[in-house]
Amino acid sequence: MSSSDEGLRDTGLDSVRLHDWLSRTWDHKRGLVGWFSTVDHKVIGRRYIITALFFLALGGLAAAIMRLQLARPENTIVGPDLYNQLFSMHGTTMMFLFAVPVMEAFAIYLVPLMVGTRAIAFPRLNAFSYYVFLMGGLMMWIAFAFNTGAEAGWFSYVPLAGPEFSPGKRTDFWAQMITFTEVAALSVAVVVIVTVFKQRAPGMTLNRIPLFVWSELVTSFVVLFAMPAVMMASTMLILDRLVGTHFFNPAEGGDALLWQHLFWFFGHPEVYIIFLPATGMVSAILPAFTRCPVFGYTAIVLSLIATGFLAFGLWVHHMFVAGLPQLGSSFFTASSMVIAIPSGIQIFCWIATLWLGSPVYRTPLLFVLGFIVIFVLGGLTGVMAAAVPIDAQIHDSYFIVAHFHYVLVGGAVFPLVGAIYYWYPKATGRMMSERLGRWHFALAFITFNAAFFPMHILGLAGMPRRVYTYPAEAGWSAMNLVVSLASLAFAFSFVLLAWNMMRSLRHGTPAGPNPWTAGTLEWATPSPPPPYNFARIPVIDNVEPLWRGNGSPAGEVSGLRVDARELLVTTLTEAMPDLREPSPADSIWPLLAAVAVGATFFGSIFTPWAVIWGLGPVAVTLIGWFWPKGAPEDE
Amino acid sequence: MPDRPDLDLSHLPTAGFGSRSAITWGTYGFILLEATGFALAIGAYFYLQSRSSEWPLGVIPPDLEPGTILTLAMLASLVPNHFIKAFARNHRVQAVRLGLVLMSVVGVALLVIRALEFAVLNVRWDTNAYGSIIWLLLALHTLHLLTDVADTIVLTALIFTRHGHKKRRLGDVEDNGVYWDFVVWSWLPIYAVIYWVPRW
Ligand code: HEM
Ligand SMILES: [Cu+2]
């Protein structure tokens, strides 16, 4: 029943006709419907990234207002109620709407290009996930505009977040936003895993997968096991709040610690969900600027995998002061320290790469260096906090605020910004300004440390986190003023970034396909890449396929269809060519399905019946999505 | 670029079954994450149990009959499900059609039994934490049951159209069968927890 004689093939087409055919087949339609129907991973990835950066700006704004309030003792810019919402919105936004989505978004954009395929696996699911994410984020911020923002912190501990202490709809919006973003994150995880497993270019055996792709693969598995925990937790929470269940109500046999267990079963891996892709970015940027493959490829891959596993052994360390049995505590202290080992190995490999190579200090590399410095500091304070006696001392103080910003901003945002400078030319076809980039780096590095280092001292001096003000007699005033001024300057450094991104869109120097003469496959295609990614699928024999003498991969594939979307499916470990599978055409249904799902979640905040009413529209849109429409890809 | 070797793949088939195809891996991915969800819910059950001195918290355990009948029926459904997957692989469209009709009917019947199960839990979700968690477990599984039954019905309709002969659609049939296996096997631990743990 093979249909190998069907369809027009690329064999023998010259490059002009090949381009014409592939563009016609893969490009999305113009106009509004076309805009909402596209399933191109580059378009969706770009939207994801921009949306996540938009949420970064909102979260940053909330932080700026908090720091304005704390700049002076007994300040009255915001009161305690609004302050609660501000830190909750800030933390929630940064974790759920910025950091995790932006890391996944980079995978959406880059992984198909880096493994050498034409499209992401399940492109409609991918588009669906974007719309669900967007709706969840907007919903929470619009609710905030109506004074219904999250108020119980980014981890919404019960009983504080329960029906008794958080009446009204504020925490319901928080809980449903979790559901939205986790549906989105889980979908992307599946999409990325299958893309890496089954769509790698011929020859890309497991030990030739780019390290960035490895990091996103491991991350996706962590997502798969971690995110269900927080969905379960937020579902129980909303049920307790809306239909009177008692999961967390001790009076009726429930238990508040159940929340903490479920939340941290997700929450600790969460840090690695953010951090692992960032390490992948570092491993991608380093070879390009040292002209030397990353030292210790295998060691780094094993470290990534080990980190992925260990991430789950650690959730309890967030609950030391909750009074766990002694033995348990010691075990978790030990494993908290053990996880420093794979991170240490990675850092060692990076430093060795810098040592062995001949580094060219362009902006992306500067941010990587900044990351290494900041992250080492953050790691040190982390190991300190992992020791139970010390944790008891600094728990819930500003020391912790300092620590996790060193880890999160240093460990994720610095590499991310480096990655933006690095891949921007690929996505837009133009270079960002190097001059402005250097200023940006200098400003960001100095002001970050000026803003967050003094927080350690404030914490040791006794300043608690999550307070909306403090008395002048406490003696924290000068330090807080420094922190606030530096925070604002740090926030301003992002304005430089935004300006550079927008300006370079028109005025940047044209980049060409491979401006950094990097070695991985995304640089083998024009910038920005055409809708079909590669005119011919490359064949590779090396982990840096473009570093062979003539700067192009070892070979290329022919025999694929050009008049219908077709992908090359390869085997799991050896990446041997196996099938030519169709890839779904554009469709408006993922958007409609996302709207139906979103309306259902939204409605459920107000009445449990929404779940029943929602079943119909959700079913209809899903059928519309999957029912074949007679496109050649459906055959 | 004449000096680059050319790998001619025009002979490759355009559809494959099982782990050769991308769709199946997607199904595995979702099964994995949903299994994690079930495991966590079961973990929450035992956690709550460990935190209370009596269990099931002053109410009687659920009646056994509907749940047990459902369990046996689900196990029995594995047999036709197995054959449908094999028919799909061997491209026996007519047999697949009949099998799917059967599975649709079975699925609807199972949903009816499931509704009865809710009626004999002997506790409400808002009575106490024990009630909350067993309602959650049962509802969670029902969501999966409902999804797969709906999917089976739609697929049945699809297979009766001209698309039924397409190898890709038969691949969909196989994946739907894989998912059904998961719905059945994941039920067994939940069944044990809901019906037998409180009788221990
Ligand atoms: C512009 C840069 C940033 C500034 C000035 C800033 C500042 C702050 C401040 C003042 C707090 C509240 C402290 C308190 O009163 O307890 C806070 C909390 C927090 N921040 Fe940031 N932050 C920034 C960026 C980030 C980023 C990029 C992330 C994550 C990727 C992040 C994650 C968090 C989290 C999780 C909390 C805890 C919220 C809670 O207590 O529930 N922040 N930040
Ligand atoms: Cu942790």
Side-chain angles (χ1 to χ4, degrees), chain A residues 1-4 9 11 121-122 125 186 189-191 193-194 197-199 202 224-225 227-229 231-232 235-236 239-240 243-247 249 252-255 258 261-262 265 539 552 554-560 566 568-569 572 577-582 619 623 626-628 634-635, chain B residues 1 3-16 19-23 25-26 28-30 32-41 43-44 47-48 51-52 55 57 91 124-133 135-136 140 146 150-151 154 158 161 163 165-169 172:
Chain A
M1 282 273 131
S2 158
S3 51
S4 57
R9 305 303 181 82
T11 323
F122 314 126
L125 181 64
L186 285 164
V190 172
V191 162
I193 289 172
V194 177
F197 273 11
K198 297 301 290 177
Q199 294 184 200
L224 225 51
F225 291 112
M227 297 276 179
M231 266 182 90
M232 193 65 69
T235 305
M236 288 177 176
L239 291 173
D240 267 16
V243 300
T245 56
H246 300 287
F247 293 107
N249 176 12
E252 294 292 347
D255 192 299
L258 175 60
H261 278 297
L262 284 174
F265 186 84
V539 178
S552 50
E556 51 193 26
V557 163
S558 69
L560 298 185
E566 191 169 75
L568 180 57
V569 172
L572 181 59
D578 189 29
L579 300 171
R580 297 179 292 118
E581 276 194 348
I623 292 172
F626 287 104
W627 195 273
D634 293 332
E635 297 303 304
Chain B
M1 267 155 256
D3 58 346
R4 289 215 268 159
D6 200 63
L7 187 62
D8 180 15
L9 299 178
S10 47
H11 60 280
L12 288 187
T14 56
S19 62
R20 289 180 71 190
S21 106
I23 304 260
W25 284 95
Y28 291 159
F30 277 100
L32 208 56
L33 74 91
E34 285 157 28
T36 308
F38 284 136
L40 287 162
Y47 182 78
L48 289 170
R51 290 268 150 169
S52 26
W55 198 257
L57 285 176
H91 213 272
R124 278 170 55 100
W125 64 89
D126 57 0
T127 308
N128 55 37
Y130 160 77
S132 306
I133 189 72
W135 273 78
L136 181 76
L140 206 58
L146 185 66
D151 190 38
V154 174
L158 181 60
T161 67
H163 299 286
H165 288 280
K166 305 279 153 47
K167 208 169 165 190
R168 287 190 67 69
R169 300 286 86 86
D172 292 348

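Please read all numbers here as calculations on a predicted model, not as lab measurements. Proteins get letters first, then strands, A, B, ... in listed order; numbering begins at 1 in each. Both backbone and side-chain heavy atoms feed into the values below; hydrogens, waters and symmetry mates do not.
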Visitor: Given a strict heavy-atom distance threshold of 4.5 Å, which part of R20(B) is in contact with chain A: side chain, backbone, both, or neither?
Guide: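 Both backbone and side chain.
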Visitor: Can you tell if the side chain of E556(A) reaches within under 4.5 Å of the side chain of D6(B), non-hydrogen atoms only?
Guide: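 They are in side-chain contact.
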Visitor: Looking at P228(A) and L40(B), what are the two nearest heavy atoms and their distance?
Guide: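 Shortest heavy-atom separation between P228(A) and L40(B) comes out as C-CD1, 3.9 Å.
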Visitor: Who among A189(A), P577(A), S558(A), G559(A) has the most heavy-atom pairs with chain B under 4.5 Å?
Guide: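 Among the listed options, the one with the most contacts to chain B is S558(A).
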Visitor: Hey, could you give me the CG/OH distance between L262(A) and Y47(B), rounded to the nearest 0.5 Å?
Guide: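 It comes to 9.5 Å.
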Visitor: Test your reading of the model: is there a side-chain donor-acceptor pair from W125(B) to the backbone of V243(A), 3.5 Å cut-off?
Guide: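 Yes; at least one donor-acceptor contact below 3.5 Å.
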Visitor: Name the region of I623(A), side chain, backbone, both or neither, that has any atom closer than 4.5 Å to a heavy atom of chain B.
Guide: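 Answer is side chain: those atoms of I623(A) sit under 4.5 Å from chain B.
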Visitor: Do L572(A) and W25(B) make a side-chain contact, defined as non-hydrogen atoms from C-beta onward lying under 4.5 Å apart?
Guide: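 When only atoms from C-beta onward are counted, W25(B) and L572(A) do touch, with a gap below 4.5 Å.
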Visitor: Please name the pair of heavy atoms, one in K198(A) and one in S19(B), separated by the smallest distance, quoted to 0.1 Å.
Guide: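 Minimum heavy-atom separation between K198(A) and S19(B): NZ-O, 3.1 Å.
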Visitor: Let me know if A229(A) has heavy atoms under 4.5 Å from chain B in its side chain, its backbone, both or neither.
Guide: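 Contact with chain B involves both backbone and side-chain atoms of A229(A).
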Visitor: Where on I133(B) is there a heavy atom nearer than 4.5 Å to chain A: the side chain, the backbone, both, or neither?
Guide: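 Backbone plus side chain of I133(B), per the 4.5 Å heavy-atom cut-off to chain A.
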Visitor: Under 4.5 Å, counting heavy-atom pairs only, tell me which of L32(B), L146(B), N128(B), D151(B) racks up the most with chain A.
Guide: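 Result: the option with the highest number of such pairs is N128(B).
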Visitor: With sequence neighbours left out, write down each residue that passes side-chain contact (heavy atoms from CB on, under 4.5 Å) with F38(B), or none if nothing qualifies.
Guide: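 If we apply the side-chain contact (heavy atoms from CB on, under 4.5 Å) test to F38(B), skipping adjacent residues, the hits are L140(B), H141(B), H144(B), F182(B), S186(B), I190(B).
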Visitor: Between F626(A), F197(A), F122(A), which residue shows the highest count of heavy-atom pairs closer than 4.5 Å to chain B?
Guide: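 Between F626(A), F197(A), F122(A), the count favours F122(A).
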Visitor: Answer yes or no: is there a side-chain heavy-atom contact under 4.5 Å between W135(B) and T245(A)?
Guide: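 Heavy-atom side-chain distance check fails, nothing below 4.5 Å.
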Visitor: Hey, are the side chains of Y28(B) and V190(A) touching, using non-hydrogen atoms and a 4.5 Å cut-off?
Guide: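 Answer no - side chains too far apart.
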Visitor: Check each of D578(A), L568(A), L579(A) against L12(B) using the side-chain contact (heavy atoms from CB on, under 4.5 Å) test, and report the only one that passes.
Guide: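 Among the candidates, only L568(A) passes.
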Visitor: Using side-chain heavy atoms (C-beta onward) and a distance below 4.5 Å, is V557(A) in contact with L9(B)?
Guide: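 Contact flag for V557(A)/L9(B) side chains = yes.
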Visitor: For T161(B), which atoms come within 4.5 Å of any heavy atom of chain A: side chain, backbone, both, or neither?
Guide: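 Side chain only.
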Visitor: Can a donor-acceptor pair be found, under 3.5 Å and without considering hydrogens, that links the side chain of H246(A) to the backbone of S132(B)?
Guide: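 No; zero donor-acceptor contacts below 3.5 Å.
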Visitor: Mind checking whether M236(A) and L136(B) have side chains closer than 4.5 Å, heavy atoms only?
Guide: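 Of all side-chain heavy-atom pairs linking L136(B) with M236(A), at least one is under 4.5 Å.
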Visitor: By a 4.5 Å heavy-atom criterion (distance strictly below it), what part of V569(A) contacts chain B: side chain, backbone, both, or neither?
Guide: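 Answer is side chain: those atoms of V569(A) sit under 4.5 Å from chain B.
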Visitor: At their closest point, which heavy atom of R580(A) faces which heavy atom of S10(B), and how far apart are they?
Guide: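 Reported closest heavy-atom pair: NH2-O, 3.7 Å.
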Visitor: Do you know the tightest heavy-atom contact between G254(A) and L48(B)?
Guide: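 Result for this residue pair: CA-CD2, 4.0 Å.
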Visitor: With side chains defined as the heavy atoms from C-beta onward, is the minimum distance between L33(B) and F225(A) less than 4.5 Å?
Guide: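 In short, these two side chains do not touch, never coming nearer than 4.5 Å.
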Visitor: Hey, does L158(B) have a side-chain heavy atom less than 4.5 Å from the side chain of P628(A)?
Guide: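 Answer yes - side chains close enough.
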Visitor: Give, as side chain, backbone, both or neither, the part of A22(B) having an atom under 4.5 angstrom from any heavy atom of chain A.
Guide: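 For A22(B), the contact with chain A is made by backbone and side chain together.
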Visitor: By a 4.5 Å heavy-atom criterion (distance strictly below it), what part of N249(A) contacts chain B: side chain, backbone, both, or neither?
Guide: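 N249(A) has no heavy atom closer than 4.5 Å to chain B.
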Visitor: Can you list the steps and then say if L57(B) with E252(A) is a side-chain contact (heavy atoms from CB on, under 4.5 Å)?
Guide: CA-CA 9 Å; L57(B) 285 176; E252(A) 294 292 347; over 6 Å; no
Visitor: side-chain contact (heavy atoms from CB on, under 4.5 Å), that's the test. Do L125(A) and F30(B) meet it? Break it down for me.
Guide: CA-CA 12 Å; L125(A) 181 64; F30(B) 277 100; 3.8 Å; yes
